[in-house]
Amino acid sequence: MRAVARPLFGRRARLRWIHLILGGALAMPYVLVGAIVVGPVAGSTDVFSSFPLQLSSFAVGLPLAAVTSLFPLTRPLESAAVRWLCGVDADRLADGPARGRAAKVRTALWFTLHLAFGGIVAGMSLAVPPFAAVLVVMPLTAGVFGDRLGFPEVFGQPWAMALAPVAGVASLLALAGCAARAGALLARWAPALLGPTPEDRLAAAEAPAADHAVRNRLARELHDCVGHALSAVTLQAGAARRVLDADPEFVREALAAIEETTRRTVGELDTVLGVLRDGDGPGTAPAPTLAADLDGLLRRTRAGGLTVTAEVAAPLEALPPVLSREAYRIVQEGLSNALRHAGEGAGVAVRVEVRAGHLELTVDNPLPSVPATRSGGGHGLPGIESRARVLGGTAHAGPVRDTWRLHVRLPLRATL
């Protein structure tokens, strides 16, 4: 007995019944609009007094429902309702708005079916229980209220009066069966009509790759700003320690450079962490650029004990912001490699110039300077190559005669 009752009255059946009632509630505005259209055509001022006119209004309203289902929120809301009330697994349903014509057509078909089945079941749920209750109590009330209720003459027969309660219970069971069947059909069709399309699956597959790319970009930013600062501060502190008694002026300059380097690095770190927290959170320091920060970078590098010469033959103020930011990081990483691997007092030459529509960056330092990627599997050169590739440029590093040269070529009209 329980096995028979569960499909009709179990928790799953009750939730699906609620889903259908919601569909009927959603259908009511469209039915009212349909009644406004059907009434004048049929020459009737009271559409709802005629069952055929009610059905006609319902039929006119459903196409209107299909049109309004094209709004982007329809599929996410319907998917959520199906997931919670119909018991369909979340991975079989799409979460976002419908993409493409086919997905929109399937969403419109689902919305129309939901409102159609829901309107029918909701109407039955309003009409059948009172009718069934009257049939159940008919043997007790026929003698008192029979004339007032307008029972057909057949109910005057003893056999009809005896079967009336059975018919009432049967009508309730029929209502439950219709609701359960309609709910089961919608639950079966939901994955096909509301399920993810190939475009949705592609977007879901690309999301981890996009997240990985963002993580790599943030790691590269942290490596460049923090790695350069640590290298510069280490060399500056070592140089100051060695001449602490002999050259107090140099020590003061080195300490001032350490203070400036750490302060700037804290600002850059705050910027990167702001991106990590809020995208581009307010209150974070602006990212350094060639135009605004190249001189400071060269000054701090010289305070670390290197002799840095710079030749700038490019309109730094006119560079696109993205190109200027990425170029600064590239020069910073080139100087970081020189700080780590060139001997004390080594000369480093930096050139920034524009040639044939490209910004060219060159950093030369004496051999046996070796980039971190050759001696320890570091991230400096791969980070530079990644920045150049994203901007549509190229990066090369290697020995040229008696120097180690980093050469990067970036198009002025970089496209991200």
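Just so it is clear, the structure is predicted and the values come from calculations on it, not from any experiment.
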Apply the test side-chain contact (heavy atoms from CB on, under 4.5 Å) to residues L173 and F9: give CA-CA distance (whole Å), side-chain angles for both, the deciding distance (0.1 Å), then the verdict.
CA-CA 10 Å; L173 292 176; F9 303 104; 4.0 Å; yes
Given L298 and L335, is the side-chain contact (heavy atoms from CB on, under 4.5 Å) satisfied, shown in steps?
CA-CA 9 Å; L298 297 175; L335 292 175; 4.1 Å; yes
Could you walk me through whether L172 and V136 pass the side-chain contact (heavy atoms from CB on, under 4.5 Å) test, one step at a time?
CA-CA 11 Å; L172 291 175; V136 170; 5.7 Å; no
Before giving the answer on side-chain contact (heavy atoms from CB on, under 4.5 Å), spell out for L22 and L85 the whole-Å C-alpha distance, their side-chain angles and the decisive distance to 0.1 Å.
CA-CA 11 Å; L22 290 176; L85 297 176; 3.7 Å; yes
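Contact detail for P196 and L93: the closest heavy-atom pair is CD-C, 3.9 Å. Here the closest heavy-atom approach between residue A66 and residue A108 is recorded as O-CB, 3.7 Å. Annotation for A388 and V408: closest pair CB-CG1, 4.1 Å, computed over non-hydrogen atoms. Residue L359 comes nearest to A327 through the heavy atom pair CD2-CB, 3.9 Å, listed as atom of the first residue, atom of the second, then distance. The nearest pair of heavy atoms linking V47 to S57 is CG1-OG, 3.3 Å. Annotation for L381 and A397: closest pair CD1-CB, 3.8 Å, computed over non-hydrogen atoms.
You'll find the side chain of V88 reaches within 4.5 Å of the side chain of P191, heavy atoms only. Two residues are said to be in side-chain contact when any heavy atoms from C-beta on lie closer than 4.5 Å; T68 and L64 fail this criterion. Using a 4.5 Å cut-off on side-chain heavy atoms (C-beta onward), L185 and L113 make no contact. At a threshold of 4.5 Å between non-hydrogen side-chain atoms, the residues E78 and L26 count as touching. Side chains of N337 and L406 form no contact here, defined as non-hydrogen atoms less than 4.5 Å apart. Using a 4.5 Å cut-off on side-chain heavy atoms (C-beta onward), W189 and L194 make no contact. You'll find the side chain of P288 reaches within 4.5 Å of the side chain of R329, heavy atoms only. Considering only heavy atoms from C-beta on, W84 stays 4.5 Å or farther from I18 through its side chain.
Checked by atom type and distance alone, the side chain of S79 pairs as donor or acceptor with a backbone atom of A94 at under 3.5 Å.
With values rounded to the nearest 0.5 angstrom, L77 atom CG is found 12.0 Å from R75 atom CZ. In this structure, CZ on F131 lies 15.5 Å from CG on L126, to the nearest 0.5 angstrom. For the atom pair L297 CG and S336 OG, the distance stands at 7.5 Å (nearest 0.5 Å). For the atom pair NE2 of H358 and CG of L412, the computed distance is 7.5 Å after rounding to the nearest 0.5 Å. Going from atom OG1 of T309 over to atom CZ of R351 covers 9.0 Å, rounded to the nearest 0.5 Å. To the nearest 0.5 angstrom, L20 atom CG is 7.0 Å from C86 atom SG.
Only one option out of R405, H407, E353, E311 pairs with T362 in a side-chain hydrogen bond (donor to acceptor under 3.5 Å, both in side chains); it is H407. Among V354, V352, T289, the single residue meeting the side chain to side chain contact (heavy atoms under 4.5 Å, CB included) criterion with L316 is V352.
Counting heavy-atom neighbours within 6.0 Å of R83 CZ, excluding the residue itself, gives a total above 12.
Comment: D364 does not engage R401 in a salt bridge, judged by the lack of any side-chain N to carboxylate O separation of less than 4.0 angstrom.
Each ring pair (Phe, Tyr, Trp, His ring centres under 6.0 Å) pair with one or both residues in residues 18-58, not counting sequence neighbours, appears once here: H19-H114.
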